[in-house]
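Everything below concerns the one structure shown next.
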Amino acid sequence: MERVNCNPPLSIWSGLTHDPLGTLAGLRRLMTGGADGEHSLMLDEEGHQLFENAKRVRYMPSNLAALSAQFPRRPEALQVRASVEQEEKNWAALLETADELRQRCPWLVMGYRFGGTALRALKRYDEAEDLALAAVRRFPLCSGAYSDFALSAGLRGQHDEAMRRWAIAKRRFPDHMWTHLLHARALFEVKQFAEADVLLSEAVSLWPEEWHAWLWYAEVPERLGHWQEAAGRWKELTRIQSGKSEPYCRAARAFRLAGDLQSAAAMIVEGGYLFPKDAAITAERGTIATAGGPIETYEQARRG
């Protein structure tokens with residue numbers, strides 16, 4: 001089946017190919033809103049181009065406030081506002097922005113997804129379920145819509161139904177990493193760790209350099225108390241995500257609990273060099289030293 005981008009370009013013209021009737025209705029609302037700079041298609045497209053240029057230089061949402069103020073009814077402006085509200089966990093405001101985004105730009109799935117995020121955070125699970133179902137029906141080629149649909153079942157305590165939905169999502173989108181990962185996370189919730197391990201093993205094979213996949217892959221044996229296996233996975237994560245302290249600390253802890261104090265000391269010393277002020281690394285270092293780990297020997301060897 002041919003895949004399409006579930007986040008199509010935000011230009012009004014692109015919407016005509018995805019949802020012509022909804023786009024025309026949304027465009028009518030967009031152009032009759034009365035905001036400055038939005039009385040003509042030319043100026044609307046000017047706003048679109050400015051946002052596109054900003055994306056190319058990787059502006060953060062908070063840095064787009066000036067453009068959002070200049071073109072307040074542009075889809076990009078609404079998405080910037082929604083992104084900031086989501087980051088700030090301002091769920092009531094996010095819900096209002098998502099509603100406006102769906103009304104003005106019905107061809108964009110993000111209005112549905114932002115709305116679902118807000119409803120789930122507010123524990124309005126039945127409404128989140130209805131919105132997720134509407135998104136699946138309207139955007140059948142969007143993996144995120146299916147993920148939201150499966151998440152809503154799990155949050156309502158319908159775990160068997162959630163598993164059925166995740167299976168459908170994985171079958172429809174076998175090449176989408178987050179479909180694998182969120183499915184595995186749902187299995188964590190019902191303590192089906194063996195099944196989660198199969199999914200995550202597949203994920204790290206398909207996306208070997210993606211730290212999110214390795215993070216949850218390392219967590220499976222840790223939850224089961226299989227410390228030697230957990231240590232090896234956390235150690236691999238220190239290679240993939242070398243800029244974070246957590247993998248070093250958890251690798252060292254796993255080696256220590258597996259009885260391999262030498263490897264535990266090696267990991268915590270390396271982590272200590274990179275993150276000398278990290279409280280968790282300092283604490284684990286003390287635990288390893290108390291257990292008899294050769295901390296000083298490793299430090300001297302590295303200095304030498």
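Quick caveat: nothing in here was measured; it's all calculated off a predicted structure.
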Looking only at heavy atoms, what is the nearest atom pair of [X] and [Y], with distance?
| X | Y | answer |
| --- | --- | --- |
| Ala252 | Ile288 | CB-CD1, 4.0 Å |
| Met110 | Leu101 | C-CD2, 4.0 Å |
| Ala128 | Gly116 | CB-O, 4.4 Å |
| Ala162 | Gly154 | CB-N, 3.7 Å |
| Leu131 | Gly115 | CD2-C, 3.6 Å |
| Ala265 | Pro294 | CB-CD, 3.9 Å |

Quiz item: Considering residues at least two apart in sequence or located in another chain, which fulfil the ring pair (Phe, Tyr, Trp, His ring centres under 6.0 Å) criterion with Tyr146?
Solution: Phe173
Measuring from [X]:[atom1] to [Y]:[atom2], what's the distance to the nearest 0.5 Å?
| X | Y | atom1 | atom2 | value |
| --- | --- | --- | --- | --- |
| Leu237 | Glu246 | CG | CD | 8.0 Å |
| Ser143 | Met177 | OG | CE | 11.0 Å |
| Asn90 | Thr97 | CG | OG1 | 8.5 Å |
| Ile268 | Leu261 | CD1 | CG | 12.5 Å |
| Leu122 | Thr117 | CG | OG1 | 10.5 Å |
| His176 | Cys142 | NE2 | SG | 8.5 Å |

Can you check whether [X] reaches [Y] side chain to side chain, under 4.5 Å on heavy atoms?
| X | Y | value |
| --- | --- | --- |
| Leu181 | Leu200 | yes |
| Thr179 | Arg172 | no |
| Met163 | Asp160 | no |

Quiz prompt | Criterion side chain to side chain donor-acceptor pair (under 3.5 Å) against Glu161, the qualifying member of Arg164, His159, Gln158 | solution = Arg164
Report the residues that fulfil side-chain hydrogen bond (donor to acceptor under 3.5 Å, both in side chains) with [X], sequence neighbours left out, ordered by chain and then residue number.
| X | result |
| --- | --- |
| Arg253 | none |
| Glu88 | none |
| Asp99 | Arg102 |

Review item, side-chain donor-acceptor pairs of residues 275-284, under 3.5 Å, at least two apart:
| unit_1 | atom_1 | unit_2 | atom_2 | d |
| --- | --- | --- | --- | --- |
| Asp278 | OD1 | Ser245 | OG | 2.9 |
| Asp278 | OD2 | Ala280 | N | 3.1 |
| Asp278 | OD2 | Ile281 | N | 2.9 |
| Thr282 | OG1 | Asp278 | O | 3.0 |
| Glu284 | OE1 | Arg256 | NH2 | 3.2 |
| Glu284 | OE2 | Arg256 | NE | 2.6 |
| Glu284 | OE2 | Arg256 | NH2 | 3.4 |

Quiz prompt | Pairs flagged by side-chain hydrogen bond (donor to acceptor under 3.5 Å, both in side chains) wherever residues 182-194 is involved - sequence neighbours left out | solution = Arg185-Glu219
Quiz item: Between Arg165 (side chain) and Phe149 (backbone), is there a donor-acceptor pair under 3.5 Å?
Solution: yes
Quiz item: Is a side-chain N or O of Ser201 found less than 3.5 angstrom from the main chain of Asp197, in a donor-acceptor match?
Solution: no
Side-chain donor-acceptor contacts of residues 208-218 below 3.5 Å, not counting sequence neighbours, with atom names and distances?
| unit_1 | atom_1 | unit_2 | atom_2 | d |
| --- | --- | --- | --- | --- |
| Glu209 | OE2 | Arg239 | NH2 | 3.2 |
| Trp214 | NE1 | Pro208 | O | 2.9 |
| Tyr217 | OH | Arg233 | NH2 | 3.4 |

Self-check item: Any residue meeting salt bridge (Lys or Arg N to Asp or Glu O under 4.0 Å) with Lys170, in chain and number order, not counting sequence neighbours
Solution: Glu202
[Y] reachable from [X] in the ILVMFWY side-chain graph, under 4.5 Å edges:
| X | Y | result |
| --- | --- | --- |
| Leu133 | Ile168 | yes |
| Leu206 | Trp178 | yes |
| Leu182 | Val204 | yes |

Quiz item: Do any pairs count as a ring-ring contact (aromatic ring centres under 6.0 Å, His included) and have a residue in residues 109-131, sequence neighbours left out, and if so which ones?
Solution: Tyr112-Phe139
Quiz item: Pairs in or reaching into residues 232-269: which pass ring-ring contact (aromatic ring centres under 6.0 Å, His included), with residues at least two apart or in two chains?
Solution: none
Quiz item: Testing Glu85, Gln86, Glu96 for side-chain contact (heavy atoms from CB on, under 4.5 Å) with Trp91, which one passes?
Solution: Gln86
Practice problem: List, by chain and number, the other hydrophobic cluster members for Trp227, where Ile, Leu, Val, Met, Phe, Trp and Tyr join if side-chain heavy atoms come within less than 4.5 Å, directly or indirectly. | Solution: Leu257
Practice problem: Keeping to residues at least two apart or across chains, list the salt bridge (Lys or Arg N to Asp or Glu O under 4.0 Å) pairs with something in residues 140-158. | Solution: Arg113-Asp148, Arg120-Asp148, Asp126-Arg156, Glu129-Arg156
